[in-house]
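The shown structure was predicted, so the numbers you read here are calculated from the model rather than taken from an experiment. Below, chains carry the letters A, B, ... as their sequence lines are ordered, and counting in each starts from 1.
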Amino acid sequence: MRNKELAIETKSESLSHSKIPKVTLPNYEGWGDILLWSLRENVPGEFPYTAGIYPFKREGEDPTRMFAGEGGPERTNRRFHYVSLGMPAKRLSTAFDSVTLYGQDPDHRPDIYGKIGNAGVSICCLDDAKKLYSGFNLADPKTSVSMTINGPAPMMLGFFLNAAIDQQCEIYIKENGLQEKIEKKIDAIFKEKGIHRPEYSGNLPEGNDGLGLMLLGVTGDQVLPKDVYSKIKAETLSQVRGTVQADILKEDQAQNTCIFSTEFALRLMGDVQEYFINNGVRNFYSVSISGYHIAEAGANPITQLALTLSNGFTYVEYYLSRGMDINKFAPNLSFFFSNGVDPEYAVIGRVARRIWAKAMKYKYGADARSQMLKYHIQTSGRSLHAQEIDFNDIRTTLQALYAIYDNCNSLHTNAYDEAITTPTEESVRRAMAIQLIINKELGLAKNENPLQGSFIIEELTDLVEEAVYVEFDRITERGGVLGAMETMYQRSKIQEESLYYETLKHTGEFPIIGVNTFLSSKGSPTVIPQEVIRSTEKEKENQISTLTSLIERYKEEAEEQLSKIRLAAIRNENIFEMLVEAAKVCSIGQISAALFEVGGQYRRNM
Amino acid sequence: MERVEPYKPKNKIRIVTAASLFDGHDAAINIMRRIIQSTGCEVIHLGHDRSVEEVVNTAIQEDVQAIAMTSYQGGHNEYFKYMYDLLHEKGAGHIKIFGGGGGVILPQEMEDLHNYGITRIYSPDDGRTMGLQGMINDMVAKSDFPTGININGDAGHLGKNTKLEIARLISAAENFPDSVKDDLNKIHAEAKKAHTPILGITGTGGAGKSSLIDELVRRFLIDFPEKYIAIVSVDPSKRKTGGALLGDRIRMNSIRNDRVYMRSLATRQANLALSKHVDEALSILKAAHYDMIILETSGIGQSDTEITEHSDVSLYVMTPEYGAATQLEKIDMLDFADIIAVNKFDKRGALDALRDVKKQYVRNHNAFDLTDDQVPVYGTIASQFNDPGMNALYRTIIDTIKERCKVDLNSSFEISKDMSEKIYVIPPNRTRYLSEIAENNRNYKIWAEKQSAIAQKLY
């Protein structure tokens with residue numbers, strides 16, 4: 001079809017002057033073989049997308065996505081700039097601290113205080129989000145932001161969207177030479193309220209041009225005319241690119257950061273998706289349907305895939321039942337898998353794509369764009385060990401190779417020291433090098449369908465695919481995903497599989513090098529970190545004062561917005577629409593509290 | 001590793017277990033609490049994401065010897081120290097704190113916490129050298145001291161806010177009834193003067209009693225902003241080990257309120273649905289002038305009518321899944337209960353169940369003069385927020401109590417005539433979606449193979 005014009009680019013040349021094709025085709029002659037191959041495999045970019053959803057990999061953008069999140073927004077912002085400096089595409093992945101993940105505000109209360117900015121970044125309001133992503137143009141097509149948050153995902157999304165909109169307002173202000181006028185306006189606002197204008201604490205890192213900081217403490221609609229603001233808002237919404245995890249089903253099944261009842265959380269997800277459709281948010285994934293946590297909790301790869309896809313189809317059914325058009329919401333769905341060393345991981349992407357495409361095309365009658373399953377994959381944290389931690393990079397390399405050969409759309413490689421501590425800059429650099437070496441140095445990776453045509457790969461693909469359907473049938477017997485959750489079917493299954501692995505690991509039947517076999521002369525002891533990175537007192541205090549200043553600044557406005565949210569919930573209107581407005585003046589904890597009143601809190605299970 | 005025998009406690013030991021605030025890692029504490037139970041302890045399990053205040057208040061109200069926590073999410077130094085401080089501040093410094101957090105808690109931090117007064121933080125190395133049972137044995141042995149002793153005139157000044165004293169007296173009545181006879185007599189006299197109504201709740205296991213109670217309590221606290229409510233919840237002890245899982249608190253969100261006291265009791269005699277000392281506990285709470293008491297018993301079901309002897313108004317909680325209508329004739333509580341909730345009303349056959357239970361109620365109570373609307377049988381979905389059936393049930397309970405006990409519980413809780421209706425995430429006629437997809441995709445495979453065979457023939 002497009003062979004002629006792309007002919008030159010479809011091959012690369014090795015040092016030995018061999019021509020390495022990007023995509024190779026089978027040399028079958030029998031029509032039956034050719035047909036069967038194209039119905040079940042096909043070239044990348046063609047239904048059923050077994051080998052990949054695009055004909056070729058994206059040029060100039062490797063699937064590398066780097067995770068960061070520690071301390072306050074400034075520290076994480078510096079880390080983001082450090083890891084992405086010089087990279088053409090800015091692919092940022094954000095880890096939040098546990099206070100944020102549970103939808104609460106930072107506080108001096110010691111059981112909260114100790115967790116501010118630890119194991120993730122503390123973000124409780126719009127200003128925090130503005131600082132966090134400052135210097136990255138969020139509406140640039142080469143910027144893509146991923147946010148790992150679930151229960152309070154709608155609130156974080158509200159902060160993010162407003163941060164993106166205000167960045168574009170700032171660009172507009174600068175382009176139109178309104179800087180001086182607007183600065184005066186902002187100063188006047190703060191003078192009237194008698195409080196200090198918030199600012200980015202410390203120096204800007206290399207690569208941060210300060211974009212997004214001009215409107216700290218205010219929002220674009222306070223300083224720009226209404227029509228200008230509305231136009232900028234609409235444009236920005238159609239441009240922002242990224243992902244918010246927001247997958248509440250797997251939270252209840254495996255990870256436990258639920259804050260609302262499952263039904264209410266699902267409703268919020270539906271509201272977000274509906275808002276995306278109504279406002280043309282096309283390049284942002286409203287959910288990242290995640291198997292990662294299911295696998296980390298102990299599930300084997302088949303269970304990971306089966307539960308994750310079943311959760312995915314549950315969202316599809318729910319959104320359909322709300323009257324949304326499949327072709328409008330399916331492209332907003334994305335997936336997230338874990339990649340271990342088990343054989344099934346060699347084909348996890350292939351099986352996922354094939355199942356999804358067939359279901360979308362023939363069961364739901366969806367269009368081609370909706371048939372394409374896109375996924376991010378992260379090497380398995382559970383496969384890293386606290387003994388002989390140097391060996392961990394070897395495991396990660398193998399997993400990354402599985403993922404890249406399988407044409408993942410996005411990849412995160414874990415640092416070798418993650419089993420014992422928060423990764424350092426040094427260990428993160430090594431993890432990035434793993435991907436770069438595969439993508440830039442490894443010759444076979446110049447070919448983009450290296451798995452196709454392998455007997456074992458084809459057999460594994462069929463095997464795993466059928467195993468997933470068997471699991472689908474088991475879940476149906478239990479009343480579908482939600483019915484099965486009531487009796488904690490998924491949870492028990494994950495626990496059983498976890499126990500099986502632990503037992504084999506303990507007895508040594510499942511060999512793990514440097515852990516239960518091939519021990520060093522010293523017995524390969526557990527490595528204890530010398531020190532761990534913790535947030536500083538100053539960072540914690542900064543977070544609390546950001547919050548205090550917000551609450552003081554918007555006393556009346558906040559209450560008004562919160563009551564709008566409550567009313568929308570009671571009247572069964574779209575809550576997220578109100579939430580985007582509330583995110584300008586409210587903290588995450590304030591919004592959580594308002595939603596608890598109208599939706600109920602999560603009730604734990606035994 | 002050698003098999004370690006469980007330690008045999010000399011005293012009745014009660015322990016609160018939980019995972020730290022904003023911490024969803026509950027796998028380890030779930031394993032631990034099972035071993036603690038099988039070592040003969042009564043475990044009040046709170047699950048994950050619990051604040052220091054919640055854990056400390058639970059420990060005090062339940063009068064436990066120890067708290068066992070896991071903390072994998074960081075912030076453990078502040079968390080454990082705050083817990084220690086808060087226990088002391090509330091006069092419960094005798095409660096021991098145990099913890100673990102894998103490799104997250106560094107060795108020097110452990111030492112620091114031990115010096116501060118935390119009884120013991122267990123490290124992964126402890127796990128390897130002592131084994132799980134060994135660790136639990138160490139912990140239980142350190143917690144093996146009596147509770148309910150040194151009752152220094154607590155009986156004299158009971159009040160709604162003397163939760164520590166209330167808790168201690170209940171323990172005394174449970175553990176050393178003879179030595180506190182005088183105190184108990186004083187309490188009985190005081191309790192007689194109080195007119196605290198008691199709502200007895202019983203029902204089949206898995207009927208959703210704790211969620212339903214949580215929803216009742218939530219409505220009560222909104223409805224009566226000045227009033228106090230107590231909950232006594234009885235669960236069975238295991239005859240084999242003497243341990244018990246007291247698991248009602250984990251489901252309850254509304255009890256996190258100063259106007260609530262909750263006590264979980266183990267039967268300690270496995271054949272009784274109600275703890276032997278339940279009457280004493282109720283008297284103590286009456287003497288403390290609580291405005292209402294909910295007494296809940298474990299789901300023994302068919303022979304659970306004992307609760308009516310302890311309560312003024314009784315509620316039976318069941319689900320639509322009882323089998324054929326004739327099964328209803330075997331349920332004694334349908335003779336005795338004043339009010340019945342058919343919970344999990346979203347289950348199949350719910351409307352039929354409601355009709356059959358109503359019929360049975362009318363027959364058993366000879367209440368043939370009641371119209372269908374007046375029969376106090378309600379379909380409820382306690383797990384659903386602001387469920388109309390729950391609202392109606394709550395209002396009927398309060399109105400019945402008010403009338404029967406002549407207390408000033410004037411409810412202004414608004415109810416609608418609506419029936420509980422499940423707001424479905426997945427419409428009921430779509431629940432087979434996964435198998436439909438499996439079928440769809442399997443058919444594709446068969447089709448592809450057939451097509452290929454045809455093509456091969458043509459070739």
A/Val470, part contacting chain B, at a heavy-atom distance under 4.5 Å: both
Sequence neighbours excluded, the answer for salt bridge (Lys or Arg N to Asp or Glu O under 4.0 Å) partners of A/Asp462 is A/Arg40, A/Arg354
Side-chain donor-acceptor pair under 3.5 Å between B/Glu109 and B/Asn77, yes or no? yes
For chain B, which residues of residues 257-265 of chain A have at least one non-hydrogen atom nearer than 4.5 Å to it? A/Glu263
Expected output: side-chain B/Arg249 to main-chain B/Ile44 donor-acceptor under 3.5 Å: no
Under 4.5 Å from any heavy atom of chain B - which part of A/Val316: neither
In terms of heavy-atom pairs under 4.5 Å with chain B, the winner among A/Leu320, A/Ile528, A/Val598 is A/Val598
Is it the case that the side chains of A/Lys250 and A/Asn150 hold a donor-acceptor pair, with the cut-off being a distance below 3.5 Å and no angle test? yes
Judged by modelled atom types alone, do B/Asn253 and A/Arg603 share a side-chain donor-acceptor pair under 3.5 Å? no
B/Lys347 versus chain A, heavy atoms under 4.5 Å apart: side chain, backbone, both or neither? side chain
Of all of B/Phe385, B/Trp447, B/Tyr424, which one pairs up most often with chain A through heavy atoms under 4.5 Å apart? B/Phe385
Looking at A/Gly103, is its backbone amide N or carbonyl O close enough to the side chain of A/Ser592 to form a donor-acceptor pair, meaning the two atoms are under 3.5 Å apart? yes
Any idea which of A/Arg604, A/Lys115, A/Lys363 has the most non-hydrogen atom pairs under 4.5 angstrom with chain B? A/Arg604
Using non-hydrogen atoms only, which part of A/Gln104 is less than 4.5 Å away from chain B: side chain, backbone, both, or neither? side chain
Going by atom types only, do A/Glu251 and A/Tyr602 share a side-chain donor-acceptor pair under 3.5 Å? no
Walk me through whether A/Tyr362 and B/Tyr444 qualify under ring-ring contact (aromatic ring centres under 6.0 Å, His included). CA-CA 9 Å; A/Tyr362 293 114; B/Tyr444 177 89; 5.6 Å; yes
Treating B/Asn343 as the side-chain partner and B/Ala207 as the backbone partner, does any N or O pair qualify as donor plus acceptor under 3.5 Å? yes
Please look at B/His48 and chain A and tell me whether the side chain, the backbone, both or neither of the residue comes under 4.5 angstrom of a heavy atom of that chain. both
In terms of heavy-atom proximity below 4.5 Å to chain A, should B/Ser210 be classed as side chain, backbone, both, or neither? neither
Verify the neighbour count for atom NE2 of A/His506: are there more than 12 heavy atoms of other residues, nucleotides or ligands below 6.0 Å? no
Under a 3.5 Å distance rule, please check whether B/Asp387 uses its side chain to pair with a backbone N or O of B/Ile381 as donor and acceptor. yes
Under a 4.5 Å heavy-atom cutoff, which of B/Asp214, B/Asn386, B/Ile454 has the most pairs with chain A? B/Asp214
Of the backbone (N, CA, C, O) and the side chain (C-beta and beyond), which part of B/Ala448 lies under 4.5 Å from a heavy atom of chain A, both, or neither? both
Taking side chain as everything from C-beta outward and backbone as N, CA, C, O, which of these in B/Pro124 sits under 4.5 Å from a heavy atom of chain A? Side chain, backbone, both or neither. neither
Tell me, out of A/Gly600, A/Gly480, A/Ser98, A/Gly270, who's got the most heavy-atom pairs with chain B below 4.5 Å. A/Ser98
For A/Ala119, is it the side chain, the backbone, both or neither that has a heavy atom under 4.5 Å from a heavy atom of chain B? side chain
So for atom CD, which belongs to A/Glu29, do other residues, nucleotides or ligands contribute more than 12 heavy atoms lying within a distance under 6.0 Å? no
Could you verify whether a donor N or O on one side chain and an acceptor N or O on the other, from A/Gln495 and B/Asn30, lie under 3.5 Å apart? no
Between chain A and each of B/Asp26, B/Asp49, B/Leu46, count heavy-atom pairs under 4.5 Å; write down the option with the most. B/Asp49
Under 4.0 Å between a side-chain nitrogen and a carboxylate oxygen: does that hold for B/Asp85 and B/Lys90? no
Contacting moiety of A/Glu486, where chain B heavy atoms sit under 4.5 Å: side chain
Counting heavy-atom pairs under 4.5 Å with chain A, which one of B/Glu436, B/Gln73, B/Arg251 comes out on top? B/Arg251
Could you pull out the closest heavy-atom pair between A/Leu249 and A/Leu482, with the gap in Å? CD2-CD2, 3.9 Å
Is it the backbone or the side chain of A/Gln601 that comes under 4.5 Å from a heavy atom of chain B, or both, or neither? both
For chain B, the option from A/Leu266, A/Thr314, A/Asn118 that forms the most heavy-atom pairs under 4.5 Å: A/Thr314
Quick one: which of A/Thr526, A/Leu309, A/Thr100, A/Val99 has the most heavy-atom pairs under 4.5 Å with chain B, could you say? A/Val99
Do NZ/NE/NH1/NH2 and the carboxylate oxygens of B/Arg442 and A/Asp473 come within less than 4.0 Å? yes
Is A/Arg474 close to chain B through its backbone or its side chain, or both, or neither, when contacts mean heavy atoms under 4.5 Å? neither
To the nearest 0.5 Å, what is the distance between CZ on B/Arg50 and OG1 on B/Thr17? 10.5 Å
B/Tyr84/B/Tyr116 aromatic ring centres below 6.0 Å: yes
Which region of A/Asp97, side chain (C-beta onward) or backbone (N, CA, C, O), has a non-hydrogen atom less than 4.5 Å from a non-hydrogen atom of chain B, or is it both or neither? neither
Measure A/Arg109 against the heavy atoms of chain B and call it side chain, backbone, both or neither at under 4.5 Å. side chain
Using heavy-atom distances under 4.5 Å, tell me whether A/Arg478 contacts chain B through its side chain, its backbone, both, or neither. neither
Tell me, for A/Leu36 versus chain B, whether the close heavy atoms (under 4.5 Å) come from the side chain, the backbone, both or neither. both
Looking at B/Met83, B/Glu215, B/Lys81, which has the largest count of heavy-atom pairs under 4.5 Å with chain A? B/Glu215
Identify which part of B/Gln108 has an atom lying under 4.5 Å from any heavy atom of chain A, answering side chain, backbone, both or neither. side chain
Counterpart residues, salt bridge (Lys or Arg N to Asp or Glu O under 4.0 Å), relative to B/Asp23 (two or more places apart): none
Max heavy-atom pairs within cutoff under 4.5 Å with chain A, candidates B/Val52, B/Val425, B/Leu86, B/Leu458, goes to B/Val425
Report the residues that fulfil salt bridge (Lys or Arg N to Asp or Glu O under 4.0 Å) with A/Lys540, sequence neighbours left out, ordered by chain and then residue number. B/Glu78
So which of A/Tyr113, A/Trp37, A/Tyr364 has the biggest tally of heavy-atom pairs under 4.5 Å with chain B? A/Tyr364
